[in-house]
Amino acid sequence: MTADVAAIVLAAGQGTRFRSDTAKVLHRAAGRSLLGHVLEAVRPLELGQVLVVVGHQADEVSAEVEARRLPGAGIVLQAEQRGTGHAVQEAVPALDPGIRRVLILPGDTPLLTPEVLTELLTAGHAGGALLTARMSDPSGYGRVVRAEAGTVARVVEHRDATPAERAIDEINAGMYLLDRELLESALARLSDDNAQGELYLTDVVELLAGQGAPVAAVVAEAARIAGVNDRSQLAVAAAALRRAHLEHLMREVGVSVTDPATTYVDVDVEVARDAVLLPGTILESGTTVGPRSVIGPHSHLTRCTIGADVTLHSTRASDAVVGDGATVGPYTHLRPGTQLGRSTKVGAFAETKNAVVGEGSKVPHLAYVGDATIGEQVNISCGVITVNYDGRTKSHTTIEDGAFVGCDTMLIAPVTIGAGAYTAAGSTITDDVPARALAIARSRQTVKEGWVDRR
Ligand code: UD1
Ligand code: CA
């Protein structure tokens with residue numbers, strides 16, 4: 001049913017009002033680019049084709065489109081950005097022959113949902129339909145001027161509008177469903193006689209009305225179609241997206257969020273049933289949290305996979321995997337490549353990097369474990385450091401099952417501590433320690449009796 005519909009998503013503009021070196025549609029809200037949000041709203045519609053018009057930072061924007069792996073997606077280059085009408089003119093020749101209707105969307109409306117688009121698709125108007133909304137503050141948007149019959153006579157841009165037109169509170173969402181042939185005929189007649197000297201897509205509406213094919217208005221919820229033109233609107237949209245995701249987690253999944261106002265969870269983060277998110281928790285894109293785990297207070301996770309029944313108190317972690325039942329924190333830094341096994345413990349002021357820690361092993365306090373493979377049931381005592389860097393190259397430390405690394409041991413890598421072996425506290429270990437041996441590598445204590453009195 002929607003195989004004969006194509007979407008054209010407009011994403012070529014710079015977004016001058018953002019005052020940014022990065023194209024507006026690449027700015028992120030709740031962990032996903034503005035354009036990504038629009039494409040995700042389109043995905044469930046299963047359209048025959050999705051053309052994204054790129055121009056400003058074309059390579060980066062194209063890469064973002066490709067990364068989303070949307071079926072039917074294609075890129076159209078609008079080398080010079082001469083307005084929204086011009087952008088669609090550039091895209092139309094790339095439409096497949098079987099496409100009968102065209103859904104045109106801006107790339108800067110991250111609150112859009114598939115439901116809103118379905119309303120537009122199923123409205124069933126011959127010539128086409130336009131999404132509108134009523135807004136208490138319509139400034140900046142194009143205003144919808146209705147004909148007496150209730151159809152849309154035309155859309156006037158804020159900058160071109162008279163004071164009377166500016167008083168209209170029905171705005172153009174910039175989202176249209178148009179018959180392909182009617183669209184093509186109207187595009188050929190656009191002019192740039194307006195305040196910005198651009199080819200406005202909005203003029204299509206008046207042109208079609210003038211040829212007896214008026215466009216119908218489908219009124220949507222204002223919150224869903226809001227455009228993001230500057231960083232202040234970006235912050236508002238991001239807050240709404242985060243809030244909606246937290247509502248979903250709380251009501252539909254069964255996650256406790258103690259204080260939603262201080263809990264920042266990106267839209268693609270999955271959190272399982274009976275998990276608890278304590279205040280000050282930030283869960284960034286690519287993170288998943290298993291059932292019953294308690295995250296926070298004050299934990300910040302980026303691209304982490306957290307198992308079931310984990311405790312992560314005041315922890316910063318990125319690209320780390322934490323096994324079921326592990327206890328981490330407070331004040332712990334898990335850096336990329338950390339893999340903590342089941343029931344492990346990593347405690348206060350411990351830092352790990354590129355480190356595999358086996359089941360039941362403990363790094364309870366004040367340690368650095370980098371470029372290391374640690375077996376099961378190993379104890380890394382307070383103050384242990386894997387000395388992995390000689391100023392030129394990184395070397396690996398291996399600690400086998402059941403070993404006990406005493407307090408303040410320096411492990412000069414590459415080095416291996418055998419299964420069940422011990423190192424004495426304060427040792428600097430430069431050579432491999434065989435299984436079940438004790439290594440002592442420190443100078444013997446001398447005691448000088450009565451030394452103070454003699455001095
Ligand atoms: C546009 C509409 C306005 C509507 C509003 C809804 C026009 C003339 N105006 O205004 O009626 O109320 O959206 O949010 O259409 N773009 C291109 N190529 C260009 C110019 C823009 O691809 O040459 C893209 C931008 O990257 C952006 C989208 O089109 O994603 C909309 O452009 P923007 O400049 O934000 O339009 P508005 O001024 O918001
Ligand atoms: Ca806009």
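First listed ligand is number 1; within each ligand, the first listed atom is number 1. We use all heavy atoms of the structure for the numbers below, so side chains are in, but hydrogens, waters and symmetry mates are not.
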Problem set entry | Arg303 backbone acceptor or donor facing Thr287 side chain under 3.5 Å | yes
Exercise. Looking at Tyr200, which atoms of ligand 1 are within less than 4.0 Å of one of its heavy atoms?
Worked result: 8 (C)
Exercise. Sub-3.5 Å donor-acceptor pair from the side chain of Tyr141 to the main-chain atoms of Gly227, do we have one?
Worked result: yes
Exercise. So does Glu90 pair up with Arg82, basic N to acidic O under 4.0 Å?
Worked result: no
Problem set entry | Arg231 (side chain) donor-acceptor with Arg19 (main chain) under 3.5 angstrom | yes
Exercise. For ligand 1, is there an N or O atom under 3.5 Å from any N or O atom of Gly227?
Worked result: no
For this session: Check each atom of ligand 1 against the heavy atoms of Gly142 and keep those under 4.0 Å away; list them by number with element.
Result: 3 (C), 4 (C), 11 (O), 12 (O)
Exercise. Would you say the side-chain atoms of Gln57 pair up with the backbone N or O of Ala23, donor to acceptor, closer than 3.5 Å?
Worked result: yes
Exercise. Is Asn229 touching ligand 1 with its side chain, its backbone, both, or neither, if touching means heavy atoms under 4.0 Å apart?
Worked result: side chain
Exercise. Does Ala87, backbone or side chain, put an N or O under 3.5 Å from an N or O of ligand 1?
Worked result: no
Exercise. Relative to atom 19 (C) of ligand 1, which among Gly13, Ala12, Gly83 owns the nearest non-hydrogen atom?
Worked result: Gly83
For this session: Using a cut-off of strictly less than 3.0 Å, determine whether Thr109 has an N/O/S atom near the Ca ion (ligand 2).
Result: no
For this session: Examine distances only and state if a side-chain atom of Thr315 and a backbone atom of His313 form a donor-acceptor pair shorter than 3.5 Å.
Result: yes
Exercise. Any donor and acceptor pair, going by atom type alone, linking the side chain of Arg143 with main-chain N or O of Ile168 inside 3.5 Å?
Worked result: yes
Seminar exercise, completed: Under 4.0 Å from one or more heavy atoms of Asp108, ligand 1 contributes atoms 30 (O), 35 (O)
Exercise. Quick one: does Glu80 get a heavy atom under 4.0 Å from ligand 1?
Worked result: no
Problem set entry | Sidechain-backbone polar pair: Ser361 side chain, Gly375 backbone, donor-acceptor under 3.5 Å | yes
Exercise. Is it true that Arg292 and Asp274 make a salt bridge, defined as a side-chain N closer than 4.0 Å to a carboxylate O?
Worked result: no
Exercise. Does the protein put a heavy atom under 4.0 Å from atom 1 (C) of ligand 1?
Worked result: no
Exercise. Is there a nitrogen or oxygen of Tyr176 sitting under 3.5 Å from a nitrogen or oxygen of ligand 1?
Worked result: no
Seminar exercise, completed: Nearest non-hydrogen protein atom to atom 27 (C) of ligand 1, with distance, is Leu10 O, 3.7 Å
Exercise. Tell me: protein heavy atom nearest atom 15 (O) of ligand 1, and distance?
Worked result: Thr84 OG1, 2.7 Å
Exercise. Are there more than 12 heavy atoms of other residues, nucleotides or ligands under 6.0 Å from atom CZ of Arg166?
Worked result: yes
For this session: Without swapping roles, check the side chain of Thr2 against the backbone of Val5 for a donor-acceptor pair under 3.5 Å.
Result: no
For this session: For Thr258 and Leu278, indicate whether the former's side chain and the latter's backbone hold a donor-acceptor pair under 3.5 Å.
Result: no
Exercise. Given that the side chain starts at C-beta and the backbone is N, CA, C, O, which of these parts of Lys24 lies under 4.0 Å from ligand 1, counting heavy atoms, or is it both or neither?
Worked result: side chain
Exercise. With a 4.0 Å cut-off on heavy atoms, does Arg17 reach ligand 1?
Worked result: yes
Problem set entry | Shortest heavy-atom approach to atom 17 (C) of ligand 1 - which of Arg82, Gln78, Gln81 | Gln78
Exercise. Does an N or O from Val155, backbone or side chain, lie closer than 3.5 Å to an N or O of ligand 1?
Worked result: no
Exercise. Counting only N and O atoms by type, is there a donor-acceptor contact under 3.5 Å from the side chain of Thr84 to the main-chain atoms of Leu201?
Worked result: yes
Exercise. If you look at every heavy atom in Thr332 and Ala348, which pair is closest and at what distance?
Worked result: OG1-N, 4.2 Å
For this session: Starting from atom 10 (O) of ligand 1, find the nearest protein heavy-atom neighbour and note its residue, name and distance.
Result: Glu157 OE1, 3.8 Å
For this session: Answer yes if a protein heavy atom lies under 4.0 Å from atom 13 (O) of ligand 1, otherwise answer no.
Result: no
Exercise. Which atom, counting only N, O or S, brings Asp108 closest to the Ca ion (ligand 2)?
Worked result: OD2
For this session: Would you tell me which option among Val25, Val156, Asn172 has the nearest heavy-atom contact to atom 6 (C) of ligand 1?
Result: Asn172
Exercise. Hey, which atoms in ligand 1 end up nearer than 4.0 Å to a heavy atom of Ala173?
Worked result: 6 (C), 14 (O)
Exercise. Has His86 got any heavy atom lying under 4.0 angstrom from an atom of ligand 1?
Worked result: no
